[in-house]
Asks: 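Pasting a structure below so you can have a look.
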Amino acid sequence: MDEQKWYQFWEDSGFFKADPSSSKKPYGLLMPPPNVTGALHLGHAMEHSILDAIARFKRMQGFDVLLLPGVDHAGIQFEGTLNKLLEKEGLNKGKLGREEWLKRAWAFKDESYKSVSATWRVMGLSADWSREIFTLDPKVQKAVLHEFKTFFEEGLLYKGAYIVQWCPKDQTAIEAVEMEYEEKKEKLYFVKFKIQDSDEFITVATTRPETISADPAIAIFPGHPKFKHLVGKTAINPFTKAEMQIIEDKRIDKNFGTGALKVTPGHALLDYEIGKDHNLPILHAVDKTGRITDLDPNLKGMKASEARIKAGEILEEMGALEKVEDLTHSVPVCERCKTMVEPLVSEEFFVKMKPLGDKALTRIDEVNFIPKNYGKILADWIKEVHDWCISRPLWWGYRIPVWYCQKCNPGHEVGKDKQSLGPDGPKDMIIAFDHPTQNCQTCKLNEWVQDEKLLDTWFSSGLWPMATLGWPDQTEEFKKYFPWDFETSAGEIKYLWIARMIMLSLHFTDQIPFKNMFFHGMIRDLQGRKFSKSLNNGIDPNELRKQWGTDAVRMALYTYSAPGRDGRANKQTMDERAKNFRNFSTKLTNIARFIVDLKPTDVIATPDLIRGKQSQNKDDQDIIEKLNQTISKVTKNIDKFELHLATETLYNFIWHDLADVYIEKTKTRRAEAQPTLEYVFKISLELLHPFMPFITEELWQKMPHEGKSIMVTAWPVPGLNAE
RNA sequence: GGGUGGUUAGCUCAGCUGGUAGAGCGCUUUCUUGACGUGAAAGAGGUUUCACAGGUUCGAUCCCUGUACCACCCACCA
């Protein structure tokens with residue numbers, strides 16, 4: 001069978017296109033945009049097969065269906081993938097420079113996109129290609145700017161300090177997903193700090209003695225039995241001789257070390273937060289190259305790892321080292337170069353999320369979550385939503401649309417920590433994607449420089465339900481298809497993406513973004529691990545497709561589509577399932593051969609007899625009855641998005657009830673049964689079409705039928721179905 | 001540390017509102033019948049059974065409580 005022939009036929013017939021001017025009721029399905037970072041994997045194939053089945057089902061039910069396709073630029077993941085490729089050529093961002101690197105990025109994007117797009121089509125996806133969209137398209141850019149500007153005007157935007165993970169070797173900040181954790185055997189130094197004007201000492205356990213110079217305080221858990229009398233007193237920093245406050249904080253783990261922590265606000269998040277609450281200064285003992293700053297004259301210029309050993313020796317000489325223990329713990333390292341990352345504090349953009357979260361909580365019930373409990377999980381998370389750090393140290397994506405006046409504000413400072421930017425904020429700053437044409441209000445010059453950082457990818461993909469329909473403009477499409485009827489996703493990104501879409505959509509449009517939110521499970525390897533390039537455990541959907549046919553692969557994937565349930569697979573188990581459904585395709589072909597090619601010549605059919613209604617034969621009546629039950633059951637299953645049950649029902653009916661039992665029985669009374677055979681099989685094909693689009697079209701066309709394609713025929717209902 | 005899901009036949013998984021356990025693959029036997037051997041028929045296989053222990057119920061794989069193990073997500077790891 002030539003699958004692509006049928007695909008071309010459908011596309012040429014315009015069946016995939018939505019029609020906003022149509023009087024039919026709309027049904028919108030929004031494809032979660034795959035990342036343009038390479039070929040689609042098995043999970044995508046499943047997700048897209050689910051979308052397509054529902055789209056085809058709704059189309060047959062007479063809806064004006066919009067299945068909208070698109071791809072995501074996926075900042076972090078994209079850069080990670082591209083940089084690994086460049087590394088093989090001995091290149092990196094530093095060597096190429098921003099401009100050249102971006103050229104390579106676009107080339108890589110085009111290449112990835114080609115592969116994605118080709119896979120969509122061979123999988124049979126009935127998407128409206130005329131509306132295909134990419135997250136960096138002008139349409140989306142417009143929406144992103146509107147989003148940023150609105151937050152700015154509403155005073156929800158601010159710049160604040162944040163810990164970034166800095167890789168000293170690659171000279172770049174890295175994202176959490178770019179970090180790996182390594183179990184490392186380290187030394188835990190127990191350092192004695194002398195109390196000022198006293199003979200007492202306070203002992204603190206640390207793995208990082210080289211940062212002592214950046215410690216403005218020592219914190220103990222409240223009511224520490226040995227140290228509580230020291231709270232409020234001052235300790236002496238053994239390296240800098242500076243005074244160190246002794247404070248209490250409930251975030252200190254009483255069971256670790258001595259129950260006392262040296263606070264390094266410049267190099268650790270917990271310490272940073274403790275420091276913020278106690279108004280401690282942020283000092284940096286290590287610079288961006290990973291070397292000790294001049295804060296510590298003895299260690300200055302040394303690499304942090306060497307300084308650590310040296311610091312231990314110095315402490316020992318000073319008699320300030322109580323003991324050293326071994327400690328095995330996991331340390332974050334850079335995924336690419338395996339260097340230990342250095343946490344540094346930096347200025348980042350944030351969006352205050354509390355108002356958005358509060359609103360979302362009042363309306364989240366309007367979304368029908370499948371499975372149901374995901375609604376509660378999301379609501380729980382939204383209740384505790386923290387501010388969203390939206391700036392990223394990347395090159396691929398939307399650059400922050402903030403321009404600073406180089407003359408008036410060379411340091412790019414815009415307000416203090418957590419102080420809103422906004423209309424009342426600094427005048428030497430402009431929100432725009434393009435270079436501003438107007439002059440700075442203060443210095444009257446046009447010397448604008450854009451912020452170096454980029455927006456978090458989710459800042460744009462969070463708008464996906466809206467931006468894809470032309471929002472913020474009130475387009476015809478937006479009015480008709482928003483909110484979407486159906487959205488699907490892996491549970492994995494429920495916070496990053498789904499929660500954000502709900503919050504943003506309610507904030508900006510006062511509407512939920514989708515009525516049905518379907519969480520499919522993830523297909524993992526046999527050990528339950530995610531498929532990943534580094535583990536090389538992936539299964540190529542294209543390979544399966546070539547071997548077993550698209551319809552069979554789709555069917556195999558539906559067996560894994562139970563809501564919220566993960567599945568395990570390897571090439572072998574996928575082959576087993578696909579083979580089974582390949583055999584099912586063969587079965588269908590042979591049923592058609594029996595019914596159509598071996599059609600008896602002496603058939604006398606009346607319309608009533610064809611419907612099986614008037615047949616006096618018990619077998620005919622039975623199979624019609626079973627067919628009607630199947631129609632009801634399959635319709636119900638799809639309505640509840642239980643595709644694995646719908647396909648199972650159809651498989652059993654067609655193979656066992658129809659082929660094994662009924663057809664065998666008709667062999668003795670073939671001519672009489674022919675109308676019923678034709679009727680039952682044709683309806684079966686129609687029920688199966690959303691799942692196995694190609695084979696059903698091929699065989700349906702061979703059957704007596706009305707209409708151009710099975711794709712646009714009416715979905716069967718129990719009882720009467722027009723011939 | 002917080003959260004979520006899972007534990008059912010050798011393997012991968014289903015199991016609707018609680019009522020005597022299902023599929024595919026694999027395995028055994030039979031069938032060269034005129035749709036199909038990528039098939040058909042029959043069968044073995046779940047230790048008095050659905051991880052374990054309690055509870056609710058006339059009755060629990062399903063509901064409740066707890067335990068164990070596995071996996072994942074979030075946070076953290078001085």
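Just so you know, these numbers use all the heavy atoms, side chains as well, and skip hydrogens, waters and symmetry mates. Naming: A, B, ... by sequence-line order, numbering from 1 per chain. Treat the numbers as computed from the prediction; the structure is a model and nothing was measured.
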Asks: Taking atom types as modelled, find out whether A:Asp566 and A:Tyr560 have a side-chain donor-acceptor pair closer than 3.5 angstrom.
Replies: no
Asks: Give the rounded distance in Å between these two atoms: NZ of A:Lys571 and P of B:C25.
Replies: 17 Å
Asks: State, without any angle test, whether A:Arg593 and A:Asn590 hold a side-chain donor-acceptor pair at a distance under 3.5 Å.
Replies: yes
Asks: Quick one: label A:Asp660 by what it contacts on the DNA or RNA (base, sugar-phosphate, nothing), any heavy atom closer than 4.0 Å.
Replies: sugar-phosphate
Asks: Does B:G66 have a Watson-Crick or wobble partner in any strand here, with both distances under 3.5 angstrom, and which is it?
Replies: B:C52
Asks: Could you tell me how far apart A:Lys667 (NZ) and B:A40 (P) are, to the nearest whole angstrom?
Replies: 11 Å
Asks: How far, in whole Å, is B:U8 from B:A78 if one measures between their P atoms?
Replies: 38 Å
Asks: Verify whether one side chain among A:Thr264 and A:Asp215 offers a donor that lies under 3.5 Å from an acceptor in the other.
Replies: yes
Asks: If I pick the P atom on B:U17 and the same atom on B:U61, what distance separates them, to the nearest angstrom?
Replies: 16 Å
Asks: Look at A:Lys599 and B:A35 and indicate whether a side-chain polar atom (N or O) is within less than 4.0 Å of OP1 or OP2.
Replies: no
Asks: Taking only the C1' atom of each, what is the distance from B:G24 to B:G19 in whole angstrom?
Replies: 27 Å
Asks: Compute both the distance and the angle, then confirm whether A:Lys633 meets the cation-pi test with A:Phe653: under 6.0 Å from the six-membered ring centre, within 45 degrees of the axis.
Replies: no
Asks: Could you check whether A:Tyr651 gets within reach of a base, just the sugar-phosphate, or nothing at all, counting any heavy atom under 4.0 Å?
Replies: sugar-phosphate
Asks: Return the value, rounded to whole Å, for the distance between atom CG of A:Leu270 and atom P of B:C76.
Replies: 9 Å
Asks: Rounded to whole angstroms, how far apart are CE on A:Met555 and P on B:C25?
Replies: 13 Å
Asks: Would you say A:Lys579 reaches B:G26's phosphate, i.e. side-chain N/O to OP1/OP2 under 4.0 Å?
Replies: yes
Asks: A:Leu650 CG to B:G24 P: how many Å, rounded?
Replies: 16 Å
Asks: Just call it for A:Ile663: base, sugar-phosphate, or nothing, with non-hydrogen atoms closer than 4.0 Å on any strand.
Replies: base
Asks: Less than 3.5 Å apart, any donor N or O on the side chain of A:Thr258 or A:Lys226 sitting next to an acceptor on the other?
Replies: no
Asks: Quick one: look up who B:G24 pairs with, Watson-Crick or G-U, both distances under 3.5 Å, and put none if it's unpaired.
Replies: B:C11
Asks: With rounding to the closest Å, how many angstrom separate the C1' atoms on B:A44 and B:A60?
Replies: 28 Å
Asks: Starting from the 5' end of RNA chain B, give me the residue, A:Arg524 or A:Leu658, whose nearest nucleotide shows up first.
Replies: A:Leu658
Asks: Contact class for A:Ile591 vs. all strands (heavy atom < 4.0 Å): base, sugar-phosphate, or nothing?
Replies: base
Asks: Considering only the C1' atoms, how many Å lie between B:U20 and B:U48, rounded to the nearest integer?
Replies: 13 Å
Asks: Atom CG of A:Leu378 to atom P of B:C74: distance rounded to whole Å?
Replies: 13 Å
Asks: Would you mind telling me which of B:A35, B:A78, B:G24 lies closest to the side-chain atoms of A:Ile252?
Replies: B:A78
Asks: Assert yes or no for the condition that the ring centre distance of A:Phe201 to A:Phe193 is strictly below 6.0 Å.
Replies: no
Asks: Which one is paired to B:U33, where only Watson-Crick or G-U wobble pairs with both distances under 3.5 angstrom count?
Replies: none
Asks: Whole-Å distance between B:G1 C1' and A:Glu384 CD?
Replies: 14 Å
Asks: Just checking A:Ala268: base, sugar-phosphate only, or nothing, at a heavy-atom cut-off of under 4.0 Å?
Replies: nothing
Asks: Are a donor atom and an acceptor atom from the side chains of A:Glu543 and A:Gln547 found within less than 3.5 Å of each other?
Replies: no
Asks: Please measure how far the P atom in B:A23 lies from the corresponding atom in B:U30, and state the result in whole Å.
Replies: 23 Å
Asks: Taking B:U47 as the reference, what is the distance to B:G18 when you measure between their P atoms (whole Å, please)?
Replies: 25 Å
Asks: Base, sugar-phosphate, or nothing for A:Thr207, non-hydrogen atoms under 4.0 angstrom?
Replies: sugar-phosphate
Asks: For a 4.5 angstrom cut-off between non-hydrogen side-chain atoms, does A:Leu627 reach A:Tyr679?
Replies: yes
Asks: Go through B:A78, B:U38, B:G24 for me and flag the one nearest to the A:Thr206 side chain.
Replies: B:A78
Asks: Generate the contact string for nucleotides 2-19 of chain B. Rules: B means base contact, S means sugar-phosphate contact only, - means no protein heavy atom under 4.0 Å.
Replies: --SSS-----BSSS----
Asks: With rounding to whole Å, what would you report as the distance between B:G45 and B:U57 at their P atoms?
Replies: 36 Å
Asks: Starting from C1' on B:G37, measure out to NZ on A:Lys587 and report it in whole angstrom.
Replies: 10 Å
Asks: Mind checking who B:C77 pairs with, Watson-Crick or G-U wobble, both distances under 3.5 Å?
Replies: none
Asks: Which sits closer to the 5' end of RNA chain B, A:Gln572 or A:Arg593, going by the nucleotide each is nearest to?
Replies: A:Gln572
Asks: Tell me whether the OP1 or OP2 atom of B:C36 has a side-chain N or O from A:Asn583 closer than 4.0 Å.
Replies: no
Asks: Which of these nucleotides, B:A78, B:A35, B:G24, is closest to any side-chain atom of A:Glu664?
Replies: B:A35
Asks: Taking the side chain as every heavy atom from C-beta outward, state whether A:Ile247 and A:Ile274 have any atom pair closer than 4.5 Å.
Replies: yes
Asks: In the structure shown, which nucleotide is the Watson-Crick or G-U wobble counterpart of B:C72, with both distances under 3.5 Å?
Replies: B:G3
Asks: Could you tell me whether A:Lys187 and A:Asp326 make a salt bridge, using a distance below 4.0 angstrom between a side-chain N and a carboxylate O?
Replies: yes
